[in-house]
Amino acid sequence: MYLEDYIHIINGKLKLIESGKRIGVWGAAEHTAKLLQYTLLSEYGINCVMDKKLCGSYFFGQIVQHPDEVDFEMLDCIIISSFFREKEIKRELLDKYHFKGKALTFYEDLEQPFYQHISKADIKVDSVVGGTLSRNSEYKDKHAGERVFILCTGPSIREMDLMKLKKERTIAVSSFYLHKDCRQIKPDYYCVPTFEDFITKENAIKWLREMKEGCPYSHFFLSIHEKEYIEVLPEYKEKEVSYISFSNLPDYYDEIDLTQSVLNVQSVAIMCLELAIYMGFKKIYLVGTEHSELITGKYSHFYKYSESIISKEDSVVDETDQLLVPFKEMLCAVHNLWKQYALMKRIAEKRGIEIYNATIGGSLDLFERVNYEGLF
């Protein structure tokens with residue numbers, strides 16, 4: 001659900017207040033300010049505002065009173081404007097102040113303040129991009145109840161028997177096509193991260209050609225910004241490629257809709273998780289997601305540096321996989337990545353989707369570890 005949906009729910013509750021009723025608001029902080037900003041509350045005549053901590057201050061032209069100073073018999077309805085203390089305030093109204101009127105609450109079923117939900121305006125794309133993204137609706141819950149393996153390119157997959165995945169749903173990424181078993185696995189989907197900022201057009205086209213040759217049966221997902229590259233490559237048929245629009249969205253983003261903008265990702269693994277959640281997979285297994293560069297000082301893959309086109313243009317590592325960026329920058333990048341993984345976990349759990357880490361070793365500790373061999 002979006003901000004607009006929660007506003008609609010709150011407005012529906014406010015409309016239950018009969019005309020002419022005397023209204024008090026308990027809460028004189030951000031939550032009430034947001035109610036006045038977004039909902040119909042501003043259209044109601046408020047007789048008093050109360051708050052234990054902010055009493056004596058002014059709030060939207062009214063002096064805030066301490067609840068002990070309020071004559072509750074003069075009020076017909078009290079709007080409890082607090083997310084974290086809603087239940088506590090309601091009990092206090094009944095037990096301490098013996099309030100006889102209506103105590104209006106909003107959060108019986110909500111997990112966070114109403115205004116901490118993404119707005120439809122935040123993810124809306126223009127009509128041209130929207131026309132392209134609208135095709136993604138066919139993938140909504142397409143694989144509901146199934147399981148999927150996300151195949152990243154960490155060095156640990158050299159130790160794994162990936163041929164076990166021949167009959168499994170799989171999503172591969174980036175240069176996974178270099179893996180010796182890729183043609184036998186035949187990944188169902190292939191996610192390509194945004195690359196326009198760090199690779200020349202000539203090498204981008206060469207990379208995409210190699211990718212298609214290595215995974216001829218996959219359906220590809222790319223950033224909408226890479227559409228121009230695909231359009232000059234006859235190897236890619238229109239029906240074999242879909243596009244995703246990435247945007248910088250707030251931390252409380254929790255609606256994955258591939259027909260609109262989605263979270264701009266720190267790693268292609270996050271892109272895969274967004275796709276897998278949107279497709280409705282019940283169980284998601286991460287493979288080859290070590291993320292141990294802060295510990296090892298290296299950013300390594302299962303393939304050699306010399307085998308990859310994009311490695312040669314990567315300013316983050318040298319030919320021995322040693323990191324070239326300052327520790328502080330890597331620390332910030334990994335911190336942001338962990339936040340995105342945590343966000344994906346929260347979104348998945350909300351939908352009853354389970355994410356597991358089937359990687360051998362590595363540092364990713366946000367998901368339950370499972371033994372890859374024991375899954376078959």
Side-chain angles (χ1 to χ4, degrees), residues 135-136 138-193 195 204-223 226 229-230 233-244 258 267-289 301-304 307-310 353 355-360 370-376:
R135 289 176 47 203
N136 292 340
E138 67 181 274
Y139 295 100
K140 176 66 173 173
D141 295 327
K142 181 176 181 178
H143 296 289
E146 299 182 46
R147 74 176 186 173
V148 66
F149 291 79
I150 293 175
L151 306 178
C152 294
T153 58
S156 64
I157 65 173
R158 290 193 296 256
E159 308 170 39
M160 304 174 74
D161 179 8
L162 298 187
M163 289 296 287
K164 293 179 181 292
L165 301 176
K166 285 180 65 174
K167 295 183 180 181
E168 299 284 348
R169 294 290 185 192
T170 51
I171 303 174
V173 309
S174 303
S175 293
F176 183 83
Y177 68 90
L178 294 171
H179 195 279
K180 62 181 179 62
D181 296 330
C182 186
R183 278 183 168 271
Q184 284 72 43
I185 297 171
K186 298 179 182 179
D188 297 275
Y189 303 103
Y190 208 105
C191 286
V192 186
F195 55 76
I205 289 175
K206 186 176 180 182
W207 188 42
L208 289 168
R209 281 199 169 114
E210 284 190 4
M211 209 179 293
K212 180 61 176 173
E213 183 180 350
C215 288
Y217 309 107
S218 301
H219 186 92
F220 287 79
F221 283 85
L222 296 92
S223 164
E226 270 72 66
Y229 294 93
I230 296 297
L233 291 170
E235 297 94 326
Y236 287 85
K237 308 304 180 186
E238 183 179 1
K239 65 181 181 179
E240 298 172 343
V241 185
S242 297
Y243 298 95
I244 296 176
L258 295 188
S267 165
V268 67
I270 304 297
M271 178 182 180
C272 293
L273 285 173
E274 289 189 299
L275 178 62
I277 292 170
Y278 184 75
M279 289 181 167
F281 284 105
K282 178 66 175 177
K283 294 185 177 182
I284 303 170
Y285 297 93
L286 295 167
V287 175
T289 51
H301 302 279
F302 71 84
Y303 50 82
K304 295 179 181 178
E307 295 176 321
S308 171
I309 295 171
I310 59 172
I353 295 171
I355 304 175
Y356 298 97
N357 187 0
T359 302
I360 297 175
V370 293
N371 181 278
Y372 172 77
E373 295 292 334
L375 297 173
F376 307 96

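Listed here is the closest heavy atom pair of Cys191 and Ile171: SG-CG2, 3.9 Å. Between Ser174 and Tyr190 the shortest heavy-atom distance is O-OH, 2.5 Å. The shortest non-hydrogen separation linking Asp161 to Tyr372 is O-OH, 2.9 Å. Nearest heavy-atom pair across Gly214 and Cys182 is O-SG, 3.9 Å. Nearest approach of Ile284 to Ile150, heavy atoms of both residues: CG2-CD1, 3.6 Å.
Using a 3.5 Å distance cut-off with no hydrogens or angles, the side chains of Thr289 and Thr359 do pair a donor with an acceptor. Residues Trp207 and Ser308 have side chains that never bring a donor and an acceptor to within less than 3.5 angstrom of each other.
Using modelled atom types, no side-chain atom of Arg183 and backbone atom of Tyr177 make a donor-acceptor pair closer than 3.5 Å. The closest donor-acceptor contact from the side chain of Tyr236 to the backbone of Leu208 lies under 3.5 Å. Counting only distance, with no hydrogens or angles, the side chain of Asp181 and the backbone of Leu162 share no donor-acceptor pair below 3.5 Å.
With respect to Lys212 and Glu235, no salt bridge is recorded, no charged nitrogen being found less than 4.0 Å from a carboxylate O.
By the 6.0 Å contact criterion, CD on Glu138 is enclosed, its count of non-hydrogen atoms from other residues, nucleotides or ligands being greater than 12. For Lys304, the NZ atom counts as loosely surrounded, since its 6.0 Å shell holds 12 or fewer non-hydrogen atoms of other residues, nucleotides or ligands.
For an aromatic pair to be called close, the ring centres must be under 6.0 Å apart, and Phe376 with Phe149 satisfies this. A centroid separation of less than 6.0 Å is found between the aromatic rings of Phe221 and Tyr139.
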